[in-house]
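What follows is a single structure, written as structure tokens, with notes after it.
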Amino acid sequence: MAPKPRILAVGSTNIDFVANVERVPSAGETLISSGSYSFVPGGKGANAAVAAARLGADVIFCARVGNDTYGKMLKNTYENEGIDTRYVTFDKEQSTGLAAIYVESDGANRITVFPGANHTLTEDMVEEAFTCYPDALLIQFEIPKDIVYSSVKQANADGVPVFIDAGPIIPDLDLSALGKIEIFSPNESEAFALTGIRPTDAESYIRICLDLYSRLDVKYIVLKLGDRGCYIYDGHLGEAVPSYNVCAVDTTAAGDAFTAALTFEYLRSGSVRSACRYANAVGALTVSKKGAFPSLPTEKQVLDFIKNNQN
Ligand code: RIB
């Protein structure tokens, strides 16, 4: 059996307050909802780490939680998912990160993150985590910008390929200072924020990719396009990879799971195209269920889904 890809996920961890509502209130308005609410594990980094672990990767997670009930609960949850949590550490001052998420009836979400302990992650903590000899670094932008730069720098120095999910947008991030990247993957709003070009059709996709390619040291760009699937650009050619037709109930964590699946399958197969097809399936399954962690599929669920949804 081929060895499992060993992924170092450096990123955020939050407790998600999820409110399922008919619509969000306007300014000054109070709404009485007939929907439901819950507190569930989330955070872009943690979602990606758990997604990769459920698919079968060997995951090492480097993150920071508060020394509080949520922090302890989250660390236990990662352990139960089979993740190596040696580098998930507690901060004594700051509380565990929290995300307030409104999910409307069409599955679309609006998120406000209170970073808390996520902003106490240091370069030294990440440097220590690299001693686990990973096959890849998987990272997002929900941690301090300097940690993103230094993590990529460390990965480059160690010859470890870097996979970046470009969410959420860091306003003054210098893309050209990021270092060498294997795959850079923004979603539609991130692509627009980074380039000023709205991803609406094939022509806009290629313009976005050309713009990003000119500013990044990157091998592949993969645009996440929601229910339209994704778009790959390799520096010469672009290709759309259509998604699956599913009923979206909650898009939370779909992008995180997509990039984790993309990383995992790319490491296994070496093919960005098959990685995109696989990641589309994982994204489709994730939007079909409510919540972040609860919606992340296992490898078996993904394979069954692909088998039952052959084009
Ligand atoms: O991408 C979804 C995630 O964004 C949520 O789980 C929330 O914690 C925020 O980080």
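All values derive from a computational prediction rather than experimental measurement. Order of appearance sets the numbers: ligands from 1, and atoms from 1 within every ligand.
When Asn109, Leu98, Asn47 are ranked by how near their heavy atoms come to atom 3 (C) of ligand 1, first place goes to Asn47.
Remark: ligand 1 and Asp16 share an N or O pair separated by less than 3.5 Å (distance only, no angle test). The distance criterion of under 3.5 Å between nitrogen or oxygen atoms is not met by Ile111 with respect to ligand 1.
The aromatic rings of Tyr220 and Tyr266 sit perpendicular, their planes meeting at an angle over 60°, well past the 30° parallel limit. Ring-plane geometry between Tyr231 and Tyr205 is classed as tilted, the angle between the planes lying from 30 to 60 degrees on a 0 to 90 degree scale.
For ligand 1, the atoms sitting less than 4.0 Å from at least one non-hydrogen atom of Ala99 are 7 (C), 8 (O), numbered in the order shown with element in parentheses. For ligand 1, the atoms lying closer than 4.0 Å to a non-hydrogen atom of Gly42 are 6 (O), 8 (O).
Other residues, nucleotides and ligands place more than 12 heavy atoms under 6.0 Å from the CZ atom of Phe141.
Looking only at heavy atoms of the protein, atom 2 (C) of ligand 1 is closest to Asp256 OD2, 3.3 Å. Nearest non-hydrogen protein atom to atom 4 (O) of ligand 1 is Lys44 NZ, 3.3 Å. Of all protein heavy atoms, the one lying nearest to atom 10 (O) of ligand 1 is Glu142 OE2, 2.6 Å.
Ligand 1 has no atom lying under 4.0 Å from any heavy atom of Gly255.
Here Ala253 has backbone heavy atoms under 4.0 Å from ligand 1, and that is the only part of it that gets that close.
Using modelled atom types, one finds no donor on one side chain facing an acceptor on the other under 3.5 Å when comparing Lys290 with Ser295. Checked by atom type, the side-chain pair Arg215/Ser176 shows no donor-acceptor distance below 3.5 Å.
Of the candidates Arg228, Lys224, Arg198, Arg228 is the only one forming a salt bridge (charged side-chain N to carboxylate O under 4.0 Å, His left out) with Glu188.
To the nearest 0.5 Å, the span separating SG on Cys276 from CD1 on Ile232 amounts to 4.0 Å.
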